[in-house]
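Values below: all heavy atoms of this structure, side chains included; hydrogens, waters and symmetry mates excluded. Chain letters run A, B, ... following the sequence lines, proteins first and then strands; every chain starts at 1.
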Protein chains: 2
Amino acid sequence: MDGIAKPTGARLRDSALTDDISFLLARANALSLAAGNAALAPLTLRARSYSVLELAAGQARPTQRELAEFLRLDPSQVVALVDELQGQGLVARESDPADRRTKVVVATPLGREVCEAARAAATAAEQHLHADVSGSDRHLLVDLLRRLAFPT
Amino acid sequence: MDGIAKPTGARLRDSALTDDISFLLARANALSLAAGNAALAPLTLRARSYSVLELAAGQARPTQRELAEFLRLDPSQVVALVDELQGQGLVARESDPADRRTKVVVATPLGREVCEAARAAATAAEQHLHADVSGSDRHLLVDLLRRLAFPT
DNA sequence: TATTGTTATACTCTATAACTATA
DNA sequence: TATAGTTATAGAGTATAACAATA
């Protein structure tokens with residue numbers, strides 16, 4: 001699982017890619033996703049399903065359409081993710097009487113419990129992976145990443 | 001406040017995900033990847049194949065194994081990507097006389113030309129997408145992202 | 001015996017279009 | 001007509017194992 005901590009391809013770091021934000025995002029995301037999925041696997045969750053569960057466990061009462069936009073997923077992917085979480089008893093679909101087309105996704109009591117455990121596992125894994133970015137740097141990073149993730 | 005038009009999905013930004021570096025990376029990467037692929041499509045390249053081409057066009061003369069480690073891809077994926085670029089006449093495999101197992105991937109003259117055009121297209125798309133992160137913020141972001149992408 | 005590249009396979013993710021039921 | 005959710009499908013990305021050539 002853990003290899004020798006040798007610099008990965010240090011020979012290639014003089015490439016133009018080293019200044020390429022898109023490339024750095026892709027590589028950082030790949031590492032983060034792998035660590036997150038591994039940390040969530042014992043809860044039979046993945047990064048994707050956890051993100052849906054987290055939103056369903058909050059106060060916002062999101063519709064599937066809102067989940068799709070916020071998570072930048074296709075509505076059909078949200079269907080599959082909610083189906084999965086519903087099958088695990090973690091979320092439920094509630095019909096909105098005001099507009100019977102929409103379905104609000106809310107976490108069950110079990111879902112809220114699992115969500116807290118998942119958040120703890122994901123946070124721990126993330127902090128371990130990004131241990132060399134901490135304190136004020138971490139705060140700054142979150143601020144900058146928000147601007148990339150939600151451009152004006 | 002009711003009259004202020006806000007982007008759809010803004011309602012959900014109070015979620016715990018808003019502070020989640022993994023989630024922000026995933027969303028930022030999804031946007032960046034889509035913009036990059038769209039910008040590179042006229043050159044019949046995608047973000048993945050462009051990154052291989054960029055490394056092949058440099059001075060490093062990487063082996064396929066080195067490409068796999070640096071790009072965080074499986075060696076079998078590198079085979080497919082190099083096959084594709086080779087079919088387009090953009091790179092060539094060179095055998096290393098010192099170790100005949102390894103194959104060094106180098107860009108052809110056409111490959112270097114296409115690579116420059118691709119870099120211009122990708123850079124323009126990226127700067128357009130991330131227009132609200134500029135100047136010193138951008139420099140800082142690159143530094144922080146490097147630490148996420150290449151952890152110690 | 002170990003490593004590089006390769007092939008094969010399966011699974012996840014992403015993108016698109018069409019259908020239904022409501023509005 | 002338009003929108004929310006659903007279904008179906010194909011393509012891209014990811015992960016794993018096995019194999020031949022070479023070290």
Pairwise distance CG(A:Leu145) to CG(B:Leu145) - rounded to 0.5 angstrom: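 Result: 6.0 Å between the selected atoms.
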Inter-residue atom distance A:Leu53.CG - A:Leu85.CG, 0.5 Å rounding: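 These two atoms lie 6.0 Å from each other.
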[X] has an atom [atom1]; how far is it from atom [atom2] of [N], in whole Å?
| X | N | atom1 | atom2 | result |
| --- | --- | --- | --- | --- |
| A:Arg72 | C:dC13 | CZ | C1' | 12 Å |
| A:Arg27 | D:dG13 | CZ | P | 17 Å |
| A:Asp74 | D:dA12 | CG | P | 17 Å |
| A:Leu71 | C:dA15 | CG | C1' | 17 Å |
| A:Glu84 | D:dT6 | CD | P | 15 Å |
| A:Lys103 | C:dT20 | NZ | P | 15 Å |
| B:Asp96 | C:dT3 | CG | P | 18 Å |
| A:Asp83 | D:dG5 | CG | P | 13 Å |

From CA spacing to verdict: side-chain contact (heavy atoms from CB on, under 4.5 Å), B:Val52, B:Val91: CA-CA 9 Å; B:Val52 172; B:Val91 305; 5.5 Å; no
Touch class at under 4.0 angstrom, heavy-atom based, for A:Arg65 against every strand present: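 If one applies the 4.0 Å heavy-atom cut-off, A:Arg65 turns out to touch a base.
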Sugar-phosphate, base or nothing in reach of B:Ser76, heavy atoms under 4.0 Å: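 Base, at least one base atom sits under 4.0 Å.
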Geometric class of the A:Phe23/B:Phe70 ring pair [parallel <30°, tilted 30-60°, perpendicular >60°]: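 Because their plane-to-plane angle is under 30°, the rings of B:Phe70 and A:Phe23 count as parallel.
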When you get a sec, tell me which of [options] is the closest nucleotide to the side chain of [X]?
| X | options | result |
| --- | --- | --- |
| A:Asp99 | C:dT6, C:dA23, D:dG5 | C:dA23 |
| B:Arg46 | D:dT14, D:dA12, D:dG5 | D:dA12 |
| B:Leu73 | D:dT14, D:dT6, C:dT14 | D:dT14 |
| B:Arg101 | C:dT3, D:dT6, D:dG13 | C:dT3 |
| B:Gln64 | D:dG5, C:dT6, D:dT7 | C:dT6 |
| B:Val79 | C:dT14, C:dG5, C:dT3 | C:dG5 |

Atom of B:Arg11, atom of A:Arg61 and distance for their closest heavy-atom approach: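 The answer is NH2-O, 3.9 Å.
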Under-3.5 Å donor-acceptor pair between A:Arg100 side chain and C:dT22 base: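 Per atom types, no contact qualifies.
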Most 5' of A:Gln77 and A:Thr102 on DNA chain D, judged by nearest nucleotide: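 Nearest nucleotide further toward 5': that of A:Thr102.
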DNA chain C: 5'-proximal contact among B:Val78 and A:Leu81 (nearest heavy atom):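 In this pair, the answer is B:Val78.
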OP1 or OP2 of D:dG11 under 4.0 Å from side-chain N/O of B:Arg48: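 It does not, given that no N or O in the side chain of B:Arg48 lies less than 4.0 Å from OP1 or OP2 of D:dG11.
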